[in-house]
Every structure is written in C-alpha cells, then in structure tokens.
Number of protein chains: 2
Amino acid sequence: MVSCPLFCYNRYMPKIVDHEKRKKQIAEATWTIIVKKGIEGATVRAIAAEAGVSLGSLRHYFSSQEELLLYAMDLVKERVSIRINRLLQSEDSPEQISIRILLELIPYDAESQTEMSVWFHFVMNSLPHAREEEDGIREGIERIMTGLFEGGLLKKEVDVNLEIERLYALVDGLALHVMLHPKRLSKEKIKKVIVHHMNTLFHQPVEEANI
Amino acid sequence: MVSCPLFCYNRYMPKIVDHEKRKKQIAEATWTIIVKKGIEGATVRAIAAEAGVSLGSLRHYFSSQEELLLYAMDLVKERVSIRINRLLQSEDSPEQISIRILLELIPYDAESQTEMSVWFHFVMNSLPHAREEEDGIREGIERIMTGLFEGGLLKKEVDVNLEIERLYALVDGLALHVMLHPKRLSKEKIKKVIVHHMNTLFHQPVEEANI
DNA sequence: TTTTAAATGATACAGTTGTATTATTTAAAA
DNA sequence: TTTTAAATAATACAACTGTATCATTTAAAA
C-alpha cells in the first residue's frame, strides 16, 4: 500500500470533499432555481443560497457563472441520455417496447419535468448555442422507427423518413403540452394518443391494455 | 367645425404623437431584443436603444418594465389572434382549407417566427402566469376538426377528441422544431407531414399538389 | 407670435449583479 | 500534536439594473 497514489499529486490531502458530487449538487440547485424563477432568476447568489453554500464556496467550484450554467445543462443532457439509452437497451418485444419508450420520453414525474423545463430554458436562451445541438430524442425515435421498419413490423406503404418527422413532432408536442398544462393532459390521454398513433403504423396493432 | 372635439379634454393640444403607435413601436423593439438576447437581455435601456428612444421617453409610455413586458406580450397575442381568426373566416372547400390553415400555424416567415419565439419566452418564464392562459391554437384546431367531422368529411371510426389532441401536439411540435431548427425542417417537409397526417383522417384524401 | 402640456432628454440613486480579493476554517496526512 | 492545502466565508468593487426627478424641447392651439 503506497502512501500516495498516482492521482494524488500532493503529499498532503487536507479536507477532501467529493468534488464532482458537490458540483452536481450545486448544478441541481441551479435547476431548482431555473424551474422556480427562470433563467433570469438564476443568479449566483440565489443558486448558492439554494444549494446551501456560500458565494465563495460556489465560486471555488465554478470560476464563472457561465461555466456553472454550462455544467448544469450538460448534466441535464447526461441524465436524459442515460434515461434514453437505458430504455433503448431493453430487450422486450418490439411494438410494446417502442410504445413504452415513447411514453417514457414524455416528462411525467417531477424529476423529468424539471429536466425538461431546464432544457427548454437553455434551448430558448441558446446560452451555449444549444439551438444547434441535438438532444438525442430525434436519434432515439429514428432508431425506433428504423428498427420497426427493418423488422417488417410496419405497414409496407409507410414512408419511414416522413413518419420519423411526424412521430418526433408528435412526441415533442405532447411533451411540451404536458410541461405547460400538466393538469389538462393526463397520462392516460397521452397513452391513448401514442398507442393510437403507432397502431396506425403497425402491421399488427397492439392493445392499449398490453402497454 | 368645433375647435375642440370630444376626445380633446384640454383646450390646448401640444405635440401630439400617436400614443398607441409609439407604444407598439416600443413593444416591437422589445420583441427584437427578446429574440436576440432572451428575456434576461430585455432591459429597459436595451429596449429604449433598440426603439431609438431615450430612457425617459420610454418611461413616459410605460411606467414600469413589467407594464412594458405585459403590453409586449399582449400585442403578440393580439397579432396571433388576428392571424388565426382571419384564416378561420376563409370560405373555401373544407379539406384543402383545413390543411392550409394548419400550415399557416407553422411559423415560417420571419415575422411569425419572431412572434412565436417571443411567445415561447413569455410562456416559459410564465411572467404574467401565461402558463395558464390559452393561446387560441387549440381552439382553432378544435374548430377545424369538429367542423370536418360534422361535415362528414372524416372517416367514421375517428375519435374526434383524440384526434384533436394528436393534431394539436403534431402542429405545436412541428412549430417548435421549425423555430429551433429552421434549416433542417423545410416548408415542403412540413407540408408533406401535415398533408399525410390529414389524409389518414379524411374520407377522401387530397393531393399534396392541390394545397 | 405666445401659451400650453405632451414628449423628450439628462442625470441621479439605491439595489443587484458577477467577479475579485482576502482571511478563516476544516480535515487529512505526517 | 503539527503541517498542509482544500474548502469556506466575508467583504469589496465596478458594472448594470429599474426607477425617480427635473429641466428642456417640441408642436398644436389661441
């Protein structure tokens, strides 16, 4: 057992807190503030107070506000990516799985609603030119549709590229509406819409109860 | 010819500029700033500079920033409402007209893209509790679908309420995607998607060329 | 012309912002 | 314990914010 491992560049290691964990904690406080007050309310002081750290402490982890906001947004992307990829790795039967994945893309729990709200704020303000970036949703939908088509599960006459665009718009539109009016649009209604939409494409329709 | 009409409550009328026109000019400058820099960049000084008026002059028309922002948003609503109502009053044949109306809801010209971008900014920041308000789009789509159904132009098996929700999400999703990636999503692609979508509902499909 | 009040411009001020500086506290290693 | 540097806290500062005040300019009516 050596006294100082490779990544320990100093002989003395005083007061070590998990650097990444602290940064993530501050980033999540940033989300909370953004959801509550919007980007304009996401001041370093408000974030520090929400995270329960002092201004100097926050500044110790993020040397500028822009760096903090970029980190907070990248963390959203990371979380969403993980969620999507986990779903795509699922190994169930194609039709039901595809619908379940689509339903998971709609932000229903508080956590994913926060993520989506923050994401929208960033995209709208195009802070780090997020407008140009991809959010991964389109790629996921593309994979789903292509997979279904290549598996021969879609009606032969469907135009895959067209249906990708249509489904992508439908999912983002539903997600947007849920975010803006969560009470008006119930989870059951969303489910009905998506199941019905996919059933118009499937060669062999699935029962809504089987989802 | 009386020397002082009814709406002239003072005997003297010095330097009259069109009050409403000036307010709208300033409100439009507000839009420009919001599109360029987001709500956070919509400071009274930036708006005054964009409108080409002094700070004191701006304040002469709007006694607070909040009043200005509310006015700017109400003006967006007014403009959008006028656009939608004008479309709904059209008296052509049902199927093509409905598709043309839907296509008009997608912001393609710079003007309507500005309006939509500003609208989104306001809605996201829920400044005047805009989240709860209706934007008129849903009502318009509801009228379109109901009209088509009652005219017997839709397939008998369609669930109207379900299709309203589906079409509403599709249109808003397309609008969102156009706003975020105007280059990726061409007007022709939008047209194809909407025509195809409506043709799955129409008893008698329409040719894309006839739109 | 003179008179009038709307319209405008200039400046000021208190509060908040991001950031910088500096000192203090904390805990891990010797 | 002592030593060390990371972690934290306190304070300061210049820039910018919304708003207020007040003098000036403008053009319509007399």
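Here is the naming used below: chain letters follow the sequence lines, and residue numbers restart at 1 for every chain.
- A perpendicular orientation is assigned to the rings of B/His60 and B/His19, their planes being inclined by more than 60° (bins at 30° and 60°).
- A straight line from NZ of B/Lys21 to P of C/dA7 spans 15 Å, rounded to a whole angstrom.
- Look at CZ on B/Phe62: it is 19 Å from P on D/dT17, rounded to the nearest Å.
- Closest-nucleotide positions on DNA chain D for A/Gly52 and B/Ala42 were compared, and the one nearer the 5' end corresponds to A/Gly52.
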What are the atom names and distances for every N/O pair under 3.5 Å that joins the protein to nucleotides 19-22 of chain D?
from   : atom 1 : to      : atom 2 : distance (Å)
D/dT19 : OP2    : B/Gln65 : N      : 2.8
D/dA20 : OP2    : B/Arg59 : NH2    : 2.1

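- Considering only the side chain of A/His60, D/dA6 comes nearest among D/dA9, D/dA6, C/dA6.
- Look at CD on B/Glu67: it is 15 Å from P on D/dG18, rounded to the nearest Å.
- The residues A/Glu188 and A/Lys191 are annotated as not salt-bridged, no charged nitrogen and carboxylate oxygen being separated by less than 4.0 angstrom.
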How far apart are the C-alpha atoms of A/Ser63 and A/Glu67, what are their side-chain angles, what is the distance that settles it, and do they pass the side-chain hydrogen bond (donor to acceptor under 3.5 Å, both in side chains) test?
CA-CA 7 Å; A/Ser63 57; A/Glu67 186 184 324; 2.6 Å; yes
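- Rounded to an integer number of Å, the gap from B/Asp18 CG to D/dA28 C1' is 15 Å.
- When the P atom of C/dT17 is taken as reference, atom CG of A/Leu58 falls 13 Å away, rounded to whole Å.
- Checked for salt-bridge contact, B/Glu165 and B/Arg138 meet the test: a charged N lies under 4.0 Å from a carboxylate O.
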So A/Lys187 and A/Val178, side-chain contact (heavy atoms from CB on, under 4.5 Å) or not? Walk me through it.
CA-CA 9 Å; A/Lys187 194 163 192 171; A/Val178 167; over 6 Å; no
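- B/Lys23 has its NZ atom 14 Å from the P atom of C/dT8, to the nearest Å.
- For the atom pair B/Met179 CE and B/Trp119 CH2, the distance stands at 13.0 Å (nearest 0.5 Å).
- When both distances must be under 3.5 Å, the Watson-Crick or G-U wobble mate of C/dA29 is D/dT2.
- Within 4.0 Å (heavy atoms only), B/Thr43 reaches sugar-phosphate atoms of the nucleic acid but no base atom.
- If you take OH of A/Tyr61 and P of C/dT19, they are 18 Å apart, rounded to a whole angstrom.
- Note on B/Arg79 versus B/Glu28: salt bridge recorded, some NZ/NE/NH1/NH2 to OD/OE distance being below 4.0 Å.
- Between the P atom of D/dT17 and the CD1 atom of B/Ile33 lies a distance of 11 Å, rounded to the nearest Å.
- Contact between the side-chain N/O atoms of B/His19 and the OP1/OP2 oxygens of C/dA7 is found at a separation under 4.0 Å.
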